[in-house]
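First up is the structure itself, then whatever we jot down about it.
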Amino acid sequence: DAMVIQNPRYQVTQFGKPVTLSCSQTLNHNVMYWYQQKSSQAPKLLFHYYDKDFNNEADTPDNFQSRRPNTSFCFLDIRSPGLGDAAMYLCATSSNRGFGQPQHFGDGTRLSIL
Amino acid sequence: AQKVTQAQTEISVVEKEDVTLDCVYETRDTTYYLFWYKQPPSGELVFLIRRNSFDEQNEISGRYSWNFQKSTSSFNFTITASQVVDSAVYFCALLGGNTPLVFGKGTRLSVIA
């Protein structure tokens with residue numbers, strides 16, 4: 001049974017047109033993360049929520065925003081996608097921050113920009 | 001600063017061969033955790049193992065085994081009798097005290113039938 005679910009699996013948007021990616025979890029984990037992964041690169045952390053506490057990485061562009069309306073759901077909003085934002089976006093959860101808790105990843109959403 | 005180095009960018013082996021994926025890490029934390037993740041072509045990252053810095057015992061799980069050596073700051077991963085389904089990108093990652101998970105650049109393993 002899928003525990004971290006990302007929708008859609010593939011997303012195509014136009015240059016500059018806002019897009020939202022969604023993530024839901026059935027694990028009841030406190031922490032949810034969003035990563036960006038470009039081709040042949042390691043995942044790069046954009047931000048994470050610890051419960052309702054939002055933590056942005058210093059080098060995450062302002063173009064990227066996130067919302068977590070409740071424990072189960074988290075959204076990634078890209079306000080004005082550029083060609084350089086084409087990537088795989090991975091959502092992950094963990095039961096706690098630190099303490100070595102493994103992160104559990106969804107299948108990812110592959111975003112293409114036309 | 002936390003750093004993970006996976007020196008092998010790509011490895012190709014023939015099915016049934018054993019293969020070892022190398023991982024070297026850097027950290028100043030005394031308590032830290034090491035992970036291996038598998039990313040098959042479909043894209044999801046699959047958690048394989050976690051090791052904490054106080055547990056240097058090697059671990060075996062089926063055809064997979066992990067060798068953790070603090071003296072050399074290494075956490076290597078061996079697949080015995082490789083299979084085509086093992087073809088994937090494998091990431092080693094490090095979690096320190098109060099820092100995000102740091103990934104290595106990954107090793108792409110191709111197992112040829």
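Scope of the values below: all heavy atoms of this structure, side chains included, with no hydrogens, waters or symmetry mates. Every value quoted in this text rests on a predicted model; they were computed, and no experiment measured them. Every chain is numbered from 1, with letters handed out A, B, ... down the list of sequences.
Residue B:Y37 touches chain A through its side chain alone, counting heavy-atom pairs closer than 4.5 Å. Heavy atoms of B:Q39 lying under 4.5 Å from chain A belong exclusively to its side chain. When heavy atoms are compared at a cutoff of 4.5 Å, B:R51 does not approach chain A at all. Within the 4.5 angstrom heavy-atom criterion, no atom of A:Q6 approaches chain B.
Other residues, nucleotides and ligands contribute more than 12 heavy atoms inside 6.0 Å of the CG atom of A:L114. A 6.0 Å sphere centred on CZ of B:R108 holds no more than 12 heavy atoms belonging to other residues, nucleotides or ligands. With a 6.0 Å radius and a threshold of 12 heavy atoms from other residues, nucleotides or ligands, B:K105 has its NZ atom at or below the threshold. Within a 6.0 Å radius of CZ in A:R68, other residues, nucleotides and ligands contribute more than 12 heavy atoms. Environment of CG in A:N70: crowded, with over 12 heavy atoms of neighbouring residues, nucleotides or ligands closer than 6.0 Å. By the neighbour-count criterion of 12 heavy atoms within 6.0 Å, atom NZ of A:K17 is sparsely surrounded, having that number or fewer from other residues, nucleotides or ligands.
Taking all atoms of both residues into account, the shortest heavy-atom contact from B:F35 to A:G100 is CZ-O, 3.5 Å. Nearest heavy atom pair, residue A:A42 against residue B:G104, reads CB-O, 3.1 Å. When every heavy atom of B:E44 is checked against every heavy atom of A:G106, the shortest pair comes out as CB-O, 3.6 Å.
Most heavy-atom pairs under 4.5 Å with chain B: of the set A:N55, A:D107, A:L90, A:L45, this distinction falls to A:D107. Of the listed residues A:H104, A:Q41, A:R110, A:Q103, the one with more heavy-atom pairs under 4.5 angstrom with chain B than any other is A:Q103.
Atom-to-atom distance recorded for A:Q37:CD and B:F103:CZ is 8.0 Å, nearest 0.5 angstrom. Separating the CG atom in B:L101 from the OH atom in A:Y33 is a distance of 8.0 Å, to the nearest 0.5 Å.
The shortest side-chain heavy-atom distance between A:R9 and B:S42 falls under the 4.5 Å cut-off.
Hydrophobic clustering of Ile, Leu, Val, Met, Phe, Trp and Tyr side chains at less than 4.5 Å, counting indirect connections, unites B:Y25 with B:L48. Linking ILVMFWY side-chain heavy atoms closer than 4.5 Å, directly or via other members, places A:Y49 and A:F64 in a single hydrophobic cluster.
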